[in-house]
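Convention: sequence-line order gives letters A, B, ...; per-chain numbering from 1. Computed from a predicted structure; not experimentally measured.
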Amino acid sequence: MIPQAFDYHAPKTLAEAVGLLARFGDDAKALSGGQSLIPLMKLRFAGPAHLVDINGIPGLDYLQEEGSTLKIGALVRQAQLEQSPVVKAKFPLLADAVRMIADPQVRNRGTLAGNLAHGDPANDQPAVMLALGAQVVIAGSKGERTLPIDKFFIGTLTTALNAGELVKEILVPIPPANSGGAYYKIERRVGDFAIVAVGSQVTLDKSGNCQKVGIGLTNAGPTPIKATKAEAFLTGKAPSEANLTEAGRLAAEMSDPASDTRAPADYKKAMVQELTIRTLRTAVARAKGGAA
Amino acid sequence: MSSHKVTVTINGQKRSAEVEARMLLVHFIRDYLRLTGTHVGCDTTSCGACTVLLEGQAVKSCTLFAVQAEGKTLQTVEGLAQGTALHPLQEGFKEHHGLQCGFCTPGMLMSAAGLLSRNPRPSEEEIRWGIAGNLCRCTGYQNIVKAVQFASDKMAKGG
Ligand SMILES: Cc1cc2nc3c(=O)[nH]c(=O)nc-3n(C[C@H](O)[C@H](O)[C@H](O)COP(=O)(O)OP(=O)(O)OC[C@H]3O[C@@H](n4cnc5c(N)ncnc54)[C@H](O)[C@@H]3O)c2cc1C
Ligand code: FES
Ligand code: FES
C-alpha cells in the first residue's frame with residue numbers, strides 16, 4: 001500500500017514547524033511517531049499534501065519532574081514512558097496503560113502527544129490523561145496556550161487543535177501521597193485497541209475517604225470520556241464497595257458506546273461499569289499501599 | 001511531490017539513493033538496497049515481519065518513510081551474522097527449532113535483538129512481551145522463546 005504523494009518537510013525548530021503548518025493549513029499534517037498517521041495514509045484515508053516531520057526538532061524528548069508536575073515533551077515515545085522509573089513509581093495508572101498499547105515496535109515510535117492529538121477514542125492515553133487531570137501545552141505561530149485535557153477532545157478524530165498548531169508538551173500533576181491509580185483494558189488479543197478500557201486515579205484523605213477522583217473511559221463513546229458524574233459522586237465519600245458500585249453505574253450511564261465488530265454496545269456498557277469498579281478498587285488499594 | 005537523497009548506514013555500510021517522499025522504509029531496504037531479508041507480511045503495522053533496528057531500536061519499517069531514516073543507522077537481519085559465524089540469536093533459532101516456514105524469522109530476530117540490547121537477561125515473560133509485535137503462524141512461539149533464552153545465556157557467557 002503506497003500513500004498518496006506529498007511534500008516532505010523536516011523543520012529543525014518548533015517555530016519553523018508551526019510556521020510550515022500555518023502556511024499550508026489544512027493541506028498539512030504533523031508527523032511524530034507516525035504509528036496512526038502512516039497507516040491511515042497507506043489506506044488513503046489521509047492524504048496530506050504536506051507532511052511536517054517534527055522528529056528532527058531537538059529538545060522535545062524530555063520527561064522531567066518539575067515541582068509538582070511531570071513535563072512530557074512532544075517527542076517522548078511510549079517506550080520511554082514504559083521504561084521510566086518516575087512513571088513506574090508515581091503513576092501506576094500510566095504504567096498500567098502504556099504497556100497495553102500496541103506492541104514494542106509501535107511504542108518505540110509512537111508518542112504520547114500524537115496519541116492525544118489523533119483524537120481517537122480507541123486510543124488509551126486520552127482516558128489516562130483525563131483521569132490524571134493533565135494539561136496540554138499548544139504551540140502556534142501566534143504563541144502558546146495551555147488547555148486542560150477535558151477541553152481537548154471535541155469529536156471523533158477531532159481535537160481543539162487549530163490548523164497550524166502543535167502539541168508541545170503535556171503537563172501531568174504528580175499525585176500526592178496516599179494516591180493510587182489503575183488501568184484495565186479488555187482487548188481481543190494482545191496489542192489490539194480496547195473493546196473498552198477504564199483508568200481511575202484516587203487520592204485518599206486522612207480519614208481514608210476519597211479526596212480526589214479521576215475516571216477516564218476508552219472506546220466508550222465518540223470521544224474519550226471523563227466520567228464526571230462518577231467522580232463527583234465518589235468525591236468526599238468512603239471507598240466502600242457500595243460506593244464503588246454506584247460510581248461504576250454512573251460511569252456506565254455516561255458512556256455511549258456503539259456496537260461494532262469488537263462487541264455489542266450493551267456488553268461494552270456493562271464492561272465500563274465493571275472495569276470502573278475494579279480500577280477504583282485497585283487504585284484505592286494502591287493508595288493505601290503508600291505507592292502514589 | 002518532493003524527492004530526497006537518503007543516506008543511511010545499514011549493517012555498517014553507507015548507502016544512498018534518491019527516493020520519493022512517500023517511499024516506505026521497507027521498500028527502500030528491499031527494492032533499492034536489495035536487502036530482501038526484511039519481509040513484508042501484513043503491510044498494516046500488525047505482523048512485525050518488516051522489523052529492523054533504527055538507531056538500535058526495533059521499528060516496523062512498513063510504517064516509516066525512508067526519508068525519516070536520513071543520516072541514521074539501520075540494522076537488518078543481514079547484519080546479524082559476522083561472516084560465516086552466526087549471531088547467538090540465529091544459533092538459538094537453529095538449535096531450538098525457532099522457525100518452520102521462516103517467513104516471520106527476520107522480524108523475530110530483529111525484535112529479539114532490540115530486546116536483548118535493552119535487556120540482556122530477560123525473563124520468559126519479558127521475552128514474550130518483547131516479541132508481542134511479531135506474529136508467527138507456524139511455531140506456536142514456544143521454541144522462539146527458547147531460542148531467545150539460548151542467545152541471552154550464550155551472550156552472557158561472552159559468546
Ligand atoms: C498495530 C497498532 C496497534 C495500536 N494499538 C494501540 C492501542 O492499543 N492503544 C493506543 O492508544 N494506540 C494504539 N495504536 C496507536 C499508536 O499508539 C500511535 O502511536 C498513536 O495513536 C499516535 O501517536 P504517533 O506519535 O504515532 O502520532 P502520528 O501517527 O505521527 O500522528 C497522529 C495524528 O496526530 C497528529 N500529531 C502527531 N503529533 C502531534 C503533535 N505533537 N501536535 C499536533 N498534532 C500531532 C498527526 O498530524 C496525526 O493527525 C496502535 C497503532 C498500531 C499501528
Ligand atoms: S509488514 Fe510491517 S508490520 Fe506487517
Ligand atoms: S515460522 Fe512460519 S510464520 Fe513463523
Heavy-atom pair with the smallest gap, counting every atom of P104(A) and W129(B):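 Looks like CG-O, 3.3 Å.
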
Does the side-chain contact (heavy atoms from CB on, under 4.5 Å) test come out yes or no for L24(B) and M1(A), once each step is laid out? CA-CA 9 Å; L24(B) 295 167; M1(A) 293 183 297; over 6 Å; no

Take atom [atom1] in [X]; do more than 12 heavy atoms of anything else shown fall under 6.0 Å from it?
X	atom1	result
E18(B)	CD	yes
R137(B)	CZ	no
K185(A)	NZ	yes
R278(A)	CZ	no

In terms of heavy-atom pairs under 4.5 Å, which option from L54(B), T51(B), V40(B) contacts chain A the most?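 Most heavy-atom pairs within the cutoff with chain A belong to T51(B).
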
Selection from E20(B), Q57(B), H27(B), M23(B) maximising heavy-atom pairs under 4.5 Å formed with chain A: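 Most heavy-atom pairs under 4.5 Å with chain A: Q57(B).
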
Can you tell me how far OH of Y8(A) sits from OG of S3(B), rounded to the nearest 0.5 angstrom?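 Atom-to-atom, S3(B):OG and Y8(A):OH are 13.5 Å apart.
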
Nearest 0.5 Å, please: how far is CZ in F65(B) from CG in D53(A)?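 The CZ atom of F65(B) is 9.5 Å from CG of D53(A), to the nearest 0.5 Å.
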
Is it the side chain or the backbone of Q4(A) that comes within 4.5 Å of chain B heavy atoms, both, or neither?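 For Q4(A), the backbone is the part near chain B, not the side chain.
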
N55(A) versus chain B, heavy atoms under 4.5 Å apart: side chain, backbone, both or neither?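 It is the side chain, since no backbone atom gets that close.
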
Looking at [X] and [Y], would you say the former's side chain and the latter's main chain have a donor-acceptor pair under 3.5 Å?
X	Y	answer
N108(A)	A58(B)	yes
K42(A)	D43(B)	yes
R22(B)	P3(A)	yes
D103(A)	A132(B)	no

Please classify the contact of Q68(B) with chain A as side chain, backbone, both or neither, using a heavy-atom distance under 4.5 Å.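 Both backbone and side chain.
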
Quick one: what part of L115(B) sits under 4.5 Å from any heavy atom of chain A, side chain, backbone, both or neither?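 The answer is neither part of L115(B).
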
Just to verify, which of N134(B), T45(B), T63(B) counts as forming a side-chain hydrogen bond (donor to acceptor under 3.5 Å, both in side chains) with Q105(A)?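 The side-chain hydrogen bond (donor to acceptor under 3.5 Å, both in side chains) with Q105(A) is passed solely by N134(B) among N134(B), T45(B), T63(B).
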
I would like to know whether R109(A) and K60(B) meet side-chain contact (heavy atoms from CB on, under 4.5 Å); could you show each step before the answer? CA-CA 9 Å; R109(A) 294 298 300 168; K60(B) 292 178 172 174; over 6 Å; no

So which of R189(A), R107(A), R99(A), Q83(A) has the biggest tally of heavy-atom pairs under 4.5 Å with chain B?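 Heavy-atom pairs under 4.5 Å are most numerous for R99(A).
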
Between D192(A), L37(A), I38(A), L43(A), which has the largest tally of heavy atom pairs under 4.5 Å with chain B?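 Of D192(A), L37(A), I38(A), L43(A), I38(A) has the most heavy-atom pairs under 4.5 Å with chain B.
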
